[in-house]
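Data first, discussion second: the structure below is written as structure tokens.
Reminder, nothing fancy here: chain letters follow the sequence lines and each chain counts from 1. The structure presented is a predicted model; accordingly, all values stated were derived computationally and were not measured.
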There are 2 protein chains.
Amino acid sequence: MNNPKQETKLKVRPACESCGVRALCLPVSLDGEALSLMDDLVKRRAPLKKGDYLFRTGDKFKSLFAIQYGSMKSYGLTIDGKEQVTGFHLTGEVLGMDAIDEDVHHCNAVALEKTEICELPFSALEHLQNEVPSLQHDLNCIMSREIRRDHHMLLMLGSTTVEQRMARFLLNLYERLQKRGAENNILNLSMTRQDIGNYLGVAFETVSRQLAHMQDEGILEIKNRNIHLLDVDRLEAIAG
Amino acid sequence: MNNPKQETKLKVRPACESCGVRALCLPVSLDGEALSLMDDLVKRRAPLKKGDYLFRTGDKFKSLFAIQYGSMKSYGLTIDGKEQVTGFHLTGEVLGMDAIDEDVHHCNAVALEKTEICELPFSALEHLQNEVPSLQHDLNCIMSREIRRDHHMLLMLGSTTVEQRMARFLLNLYERLQKRGAENNILNLSMTRQDIGNYLGVAFETVSRQLAHMQDEGILEIKNRNIHLLDVDRLEAIAG
DNA sequence: TGTTTTCCTTGATCTCGATCAATGAGACAA
DNA sequence: TTGTCTCATTGATCGAGATCAAGGAAAACA
């Protein structure tokens, strides 16, 4: 009853069209037949609500997950039980690739807002790789991209000043949104200051202060969780 | 003339036997025939001397590289030209996977000591994937492992205290060496304190002091670049 | 072999950011 | 509305770690 229009729309669209996978790496190579094979493979899922888990540490690995709409965070637990955020994942990105090797998930993935997911059962995906050789290259590309993204993050965290880490963090989000076709300079942070701080190895008060300082400098404008980037060049200069 | 014995030995050994690839992921699945196909594929290279580059940012991507013996560091440059270390790579690990996607290397890889490398031409590898379907899964595994390794690093850097980062760094090296069959608790650091500090986002003096402090506590023993881990449990407790 | 260079350690000072604490602001439910 | 969350901001204090500086120890080189 509520929002029937969207419901219909979702059902009519082929799953793969809407899940963002095509926009990642697969599109270049799949012809009509292969595409329909992919469509058969992809599973739709009920949307996750904020706080819902996609998988948890120790869960058996069965599928990769592409974020169709929304955002997630992944985190592990330290020995003393503290949460340690290892990444934020946006629309169009793929989760679960770190589990292929040992067949077990090594982190928890939780939705930061209402999030729609496409499930890609991995064994079927690997079978399809045999039929469609180009798919194999595509998957290599997706994983390569994830590796590069992580290296980028490592680069981000390997800085001594918090100002620099913060700038790199914001630019990183900005670039990822640009790649997905965002047309404005507004970052809608779905994660808390606490999550950001945890991720950057910084107290959340410091995150808050750092953002306030950047606002004073005219680099950005804060409206709750919406960050409007006013001066990307300055931000890049700070990032180094 | 110098060291003729080793020369001969290298020529006689099948390339793949000695390059560490088998020990990574490929061994489980390759039968005799596929193995010899791999042998044809792998290129031997003259060993790198300390300071030699394996590839640089912007180089065209042609091959993956497996470290047969030795160690390397990879780093990028910030806009203001400062070096930013993104990783250290040990015997048996594979470099270059972040370049598959865009066909270009995104970091510099330099040898930290005398290092022997096996080159795996990637187009040939992908062709071989078609002939040997299991190889495809193996490659997925290798990349998955790299992703997990990076996540582990991110977890390491997302800590506020230097003591914790240092502990996690040492444990990370320790575990990687253990996996490669190291039988003692001695870490032979081939990188400088400066590199470690850069990597951990910490001044190199702090690295030095932190190690000294851990030595005072009886957790480890420093002999130049050899770190003897005396109390791994304590180290793990610190790492959290 | 001595010389140069690079790397490591240790000390002293000062700043940045962690921590503690209190208030303010949205979000959500009843 | 009002109350109760959780989340964010801002202030004050204190300590960890950056930075500057100088000396020592390896390692590289001639």
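Looking at A:L112 and A:F88, their side chains come closer than 4.5 Å, going by heavy atoms from C-beta outward. Side-chain contact check for B:H152 versus A:T86: every heavy-atom pair is 4.5 Å or farther apart. Residues A:L211 and A:L170 meet the side-chain proximity criterion, which asks for heavy atoms closer than 4.5 Å. Within the 4.5 Å cutoff, side-chain heavy atoms of A:E221 are placed close to those of A:L230.
Comparing A:T161 and A:E205, the nucleotide of DNA chain D nearest to each residue sits closer to the 5' end for A:E205. Residue A:Q210 is the one, among A:Q210 and A:N224, whose nearest nucleotide of DNA chain C lies closer to the 5' end (criterion: closest heavy atom).
Backbone-only engagement by B:R225 is indicated by non-hydrogen atom pairs under 4.0 Å involving sugar-phosphate atoms exclusively. Heavy atoms of B:K223 sit nowhere under 4.0 angstrom from any nucleic acid atom. Heavy atoms of A:V207 sit nowhere under 4.0 angstrom from any nucleic acid atom.
Note that CG of B:L157 is 5.5 Å distant from CG of A:L157, once rounded to the nearest 0.5 Å.
Under a 4.0 Å N-O distance rule, the pair B:E83/B:K73 qualifies as a salt bridge.
Side-chain atoms of A:N172 and A:R176 form a donor-acceptor pair, as typed in the model, at a separation below 3.5 Å. Side-chain atoms of B:Q68 and B:R45 form no donor-acceptor pair, as typed in the model, at a separation below 3.5 Å.
A 4.0 Å heavy-atom criterion places the boundary nucleotides of DNA chain D facing chain B at D:dG17 to D:dA28, written 5' to 3'. Along DNA chain C, the stretch of nucleotides lying under 4.0 Å from any heavy atom of chain A spans, 5' to 3', C:dG17 to C:dC20.
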